[in-house]
Structure formats: structure tokens, C-alpha cells
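Encoded as C-alpha cells, the structure appears first; notes follow it.
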2 protein chains.
Amino acid sequence: MISLTEENYLKALIYLSSLAPGIEEKKDVGTSELASYLKLKSSTVNEMLKRLKEKNLINHEKYKKITLTHSGERNGLKIIRKHRLWETFLFTKLDFDWIEIHEVAEQLEHIKSEKLVEKIDRLLGYPNFDPHGDPIPDKHGKIPQRITKSLSAVNKGEKCIVLAVSDTSKDFLNYLEDLDISIKTEIFVIDKIAFDQSIKIKIRQEQFSLSRKVADNLLVGDKFN
Amino acid sequence: MISLTEENYLKALIYLSSLAPGIEEKKDVGTSELASYLKLKSSTVNEMLKRLKEKNLINHEKYKKITLTHSGERNGLKIIRKHRLWETFLFTKLDFDWIEIHEVAEQLEHIKSEKLVEKIDRLLGYPNFDPHGDPIPDKHGKIPQRITKSLSAVNKGEKCIVLAVSDTSKDFLNYLEDLDISIKTEIFVIDKIAFDQSIKIKIRQEQFSLSRKVADNLLVGDKFN
DNA sequence: TATAATAGTTAGTATTGCCTAACAAAGTAA
DNA sequence: TTACTTTGTTAGGCAATACTAACTATTATA
Ligand SMILES: [Mn+2]
Ligand SMILES: [Mn+2]
Ligand SMILES: [Mn+2]
Ligand SMILES: [Mn+2]
């Protein structure tokens with residue numbers, strides 16, 4: 001049995017080694033890095049590493065980097081799958097805000113019931129991405145291809161649909177909420193300003209302009225699926 | 001903050017003091033009684049009682065009985081409300097079996113989010129009873145009147161609808177599953193046998209007979225609401 | 001390469017929640 | 001009322017998870 005705390009360590013290890021923004025290929029993780037991400041002291045993490053190794057969830061030699069074993073990876077992906085399915089459920093079935101879902105999913109991801117996960121998955125129509133556009137691993141741990149095209153890459157005169165965000169900070173999500181931009185929002189690119197790389201767009205007949213930073217963090221595609 | 005464990009103690013105290021079968025008016029609870037219900041040692045319970053008292057959730061004097069404070073009762077009822085709402089959700093929205101829902105709800109009842117509870121409540125149409133027929137406390141802690149009429153009290157020639165069960169043991173629920181009897185099942189009483197107090201019934205054109213014990217544990221009404 | 005900075009480990013402590021063993025109080029019955 | 005039984009409490013321990021302080025290994029830098 002993997003405890004709630006252990007599950008969070010596994011999830012963090014997957015995040016830091018392969019999911020965190022800017023990571024191309026798998027990267028090994030250190031004790032302090034993990035500690036700082038989990039907002040714990042490295043001594044605490046060090047102790048947990050021993051337990052996780054004992055349980056065959058990680059590989060770790062004294063003073064060396066941490067890697068997940070197959071079992072650790074599988075189990076971690078299960079939690080990520082649950083987290084993202086619950087976020088999707090909260091967003092699409094219960095009308096939670098984009099901003100609120102993460103915190104509740106952080107709790108729901110630890111509910112132990114294979115059947116529940118599968119039923120929620122089915123209820124949602126086996127979605128590939130969560131409301132932030134993050135890919136939902138399937139029950140075998142396979143992860144759909146992440147969306148990589150940002151709004152900055154869309155040409156003048158073209159339209160696209162918001163599929164994901166690459167920044168999920170409250171600040172950013174709140175700003176998007178203000179702009180009334182969400183998943184599935186259709187954006188038409190009116191103009192691209194060379195001077196400051198901002199872009200002029202139209203959403204639902206309304207025109208306004210977005211900074212380069214915002215455009216970079218909006219991931220888009222041709223259609224929603 | 002009330003821990004998961006503390007929440008389970010509060011729920012158990014409410015159950016033993018007022019909800020357990022056969023309890024007419026509120027009854028005080030003892031340490032060993034609570035321990036045996038929770039399958040813990042009384043020394044363990046004794047320690048927790050100190051913590052609960054410290055947190056103003058129970059009243060307890062050395063060697064005396066335990067009673068819940070107002071706060072303890074309110075918090076306990078909140079957990080019971082969540083438990084029963086989740087059971088209803090699992091049963092009606094996800095097609096879980098009557099038998100499976102309790103175990104999963106035992107986990108879900110501890111999810112901390114007022115908003116989630118209210119959204120689930122709304123999604124379900126503010127139900128008054130869970131799938132076992134147990135009353136769901138409203139958000140203020142008010143408990144709907146429990147159903148008390150059993151199938152044994154239905155007269156020959158009358159029909160009724162199953163609203164609840166007074167025994168929620170796996171044995172009983174499994175047996176009902178076999179008989180294809182569930183919440184909302186319509187039962188017509190063909191005859192009542194004086195000899196062994198069994199009753200002859202008709203369900204969906206099929207006739208069979210039920211023992212007095214089964215009939216006693218099926219709670220019925222005229223209509224579902 | 002020597003030294004300073006960073007990263008990782010160990011030792012010792014706390015809290016929660018659980019246990020066993022020993023004991024004390026309360027309740028029951030001879 | 002005394003003795004037995006049941007109930008409740010204390011003391012002492014243990015595992016999981018976290019902390020601080022002190023120490024060691026590795027890495028970076030002068
Ligand atoms: Mn999230
Ligand atoms: Mn979590
Ligand atoms: Mn239940
Ligand atoms: Mn519970």
C-alpha cells in the first residue's frame with residue numbers, strides 16, 4: 001500500500017523529471033530539488049527516499065540522483081491520471097472555475113478505487129486533456145502528445161482555438177478569466193505587432209491586444225477534440 | 001482543522017448515540033463501546049478523547065460517558081451528509097452497486113471543499129435520502145424524517161415502493177440484489193402467511209415469498225420522492 | 001588545487017495515531 | 001458489603017511524517 005504522502009512524492013518526481021516546463025528529455029532529480037518543490041526540508045525527503053527505495057518505487061544511491069523504477073513511474077502516473085480526470089470532472093460536470101479545480105483534485109487524486117476512476121473516465125467520454133490542456137495518461141500509463149503550438153506561432157489572419165495553457169499559475173488563470181478566455185475559446189489573429197511582439201486579436205466580436213508573454217502561454221490548435 | 005481520524009470518531013459518536021438501529025432518544029456513549037465500534041483499543045480511544053475534548057468537540061469527564069458538543073455534532077453531521085451525498089452520487093450518476101458505494105464514500109466523505117458538497121448536492125437534485133434510504137442531513141445539519149414503515153406492515157392486496165433498508169449488511173444487500181429488489185422497486189403484497197409470518201409478493205409480474213425478517217428490513221412508502 | 005558554496009545525510013526531537021501491559025474505578029452479584 | 005467483572009486510564013513503545021542542528025560529500029570557483 002502506497003500512502004498519500006508517498007503518492008505525492010512519486011507525482012513530484014515525475015513532474016520534476018519529465019513534466020516540468022522546459023524539460024525535453026528525462027532528467028534525474030536531486031534531494032534538495034525535490035524538497036524545495038514539496039516545500040519540505042531535505043532531511044525529511046531523505047528519510048522518505050529510504051522508504052520509497054525499500055518499497056522499490058525509486059532507485060537511489062547515497063549522494064546520487066533519484067530515478068523512478070518502473071513501478072514508481074506506473075504508480076505516479078496513476079495519480080496524475082486521477083488528478084487530471086478529477087479536474088476535468090470538476091470543470092465540465094460541476095462548473096468549477098479553472099482556478100479552483102486543482103486544489104480539490106489534489107485531494108480527490110488519492111481516493112483508492114480503480115472502478116471509480118474508470119467510471120469517471122467513461123462519464124467524461126475518455127478525455128485526452130484536462131481543463132488546463134495537460135495530457136491525461138490512459139489506464140496503461142500512456143500519455144497523449146502534449147500540445148505545443150502557442151498563440152504566438154499563429155499567423156496574422158488565421159484563427160485558432162485555445163486548447164491549453166503552459167502556465168497554470170493563479171495569476172495567469174485569473175487574468176484569462178478576466179479576458180474571458182478559456183479552453184475552447186476561438187481566437188482570430190488580426191495583427192502581429194513587430195515592435196513589442198504583442199498581437200491584436202478578436203474574440204467573440206471583441207477586439208483587444210495580448211502581450212507576447214500571454215500569447216506564449218496560450219496553446220492552441222485548429223479544432224477541439 | 002479536524003483530521004480524517006477525528007472526523008471518523010465524531011461520525012461514530014453520532015452513530016452510536018443516536019443513529020444506530022433501535023435507538024429512540026439520544027444515548028451517552030462509553031469509551032469501550034466506541035473502541036469496539038471503531039475496532040480500536042480503548043487506550044487508543046481514550047487518548048483521542050483527550051484531543052477531541054481539547055478541541056471542544058466532545059464533553060468528557062474521567063470515567064464518565066462521552067457526549068458531543070454542539071460543534072462536535074455539527075462537524076460529525078457534515079461528514080454524514082457528505083458520506084450519504086457521495087453514496088447517492090456513486091449510485092445514481094456512476095451506476096455503482098448498492099454494495100460498493102459505502103466503501104468508496106468512506107473515503108470521499110473526507111474531501112474538504114464546501115463548494116464540492118454543494119455542487120454534488122445540486123447535481124443530485126437535493127436528495128433527502130441516500131440509496132440505502134438513510135436521511136441526508138441538509139447543510140444546516142437538519143435531518144429529514146426517517147422512513148419507518150416496513151414491508152411487514154403493508155396489508156394484503158396493497159402495493160408499495162421500496163424506499164430504504166433498515167439493515168445495510170453485505171449479506172442482506174447481496175440477497176436483495178439476487179432478488180432484484182432495490183430502491184424504487186414496486187412490491188405488491190399478494191398474501192400474508194400467518195403461520196410463519198412470511199409474505200407472498202409480486203414484483204414485475206414475478207411472484208415469490210419473503211421471510212418475516214426480510215420484510216421487516218425493507219422500508220416502504222406509497223411513492224418515491 | 002585549495003577553498004567556498006551547494007547538496008545530501010545523520011542524529012535527535014515532536015506529533016499523530018495506534019499498540020500492549022498494568023492498574024484503577026465503577027458496576028454487579030453473591 | 002465484599003468479591004468479581006467490566007470499563008476506563010496510564011505508562012511505555014512503535015511507525016509515519018515532519019522539523020532543526022550538525023556533519024559529510026560533491027561541485028564550483030578563485
Ligand atoms: Mn492540477
Ligand atoms: Mn496530492
Ligand atoms: Mn454508507
Ligand atoms: Mn471515513
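So that the names make sense, note that chain A is the first sequence line, chain B the second, and so on, each numbered from 1.
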Would you say R51(A) places a side-chain N or O within less than 4.0 Å of OP1 or OP2 belonging to dT17(D)? yes
dT10(C), OP1 or OP2 - any side-chain N/O from K50(A) closer than 4.0 Å?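 Result: yes.
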Let me know, please, whether E47(B) or Y63(A) comes out on the 5' side of the other along DNA chain D by nearest nucleotide. E47(B)
For G30(B) and K64(A), find the nucleotide of DNA chain D closest to each by heavy atoms; which residue's nucleotide sits nearer the 5' end?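 Looking at the nearest nucleotide for each, G30(B) comes out on the 5' side.
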Taking atom NZ of K27(B) as the centre, does the number of heavy atoms from other residues, nucleotides or ligands within less than 6.0 Å exceed 12? yes
Nearest listed nucleotide, side chain of [X], among [options]:
| X | options | value |
| --- | --- | --- |
| T31(A) | dT9(C), dG8(D), dT17(D) | dT9(C) |
| K62(A) | dT16(C), dT17(D), dT10(C) | dT10(C) |
| K41(A) | dT10(C), dC19(D), dA16(D) | dC19(D) |
| L40(B) | dC19(C), dT17(D), dT16(C) | dC19(C) |
| S32(B) | dT9(C), dT7(D), dT9(D) | dT7(D) |

Mind checking whether W98(B) and L176(B) have side chains closer than 4.5 Å, heavy atoms only? yes
Pick base, sugar-phosphate or nothing for T44(B), based on heavy-atom distances below 4.0 Å to the nucleic acid.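 Base, at least one base atom sits under 4.0 Å.
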d(CG, N46(A); P, dA22(D)) in whole Å: 18 Å
L4(A) CG to dG17(C) P: how many Å, rounded? 14 Å
Go through the N and O atoms of the side chain of S43(B) and the base of dT20(C), and report whether any donor-acceptor pair is under 3.5 Å. yes
Under 3.5 Å, is there any donor-acceptor pair linking the side chain of S42(B) to the base of dT9(D)? no
How are the rings of F89(B) and F89(A) set to each other: parallel, tilted or perpendicular (split at 30° and 60°)? perpendicular
Is D97(B) reaching over with its side chain to a backbone N or O of I99(B), donor-acceptor style, under 3.5 angstrom? no
Are any side-chain N or O atoms of K82(B) and backbone N or O atoms of I111(B), one a donor and one an acceptor, separated by less than 3.5 Å?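 Side chain of K82(B) to backbone of I111(B), a donor-acceptor pair under 3.5 Å: yes, one is there.
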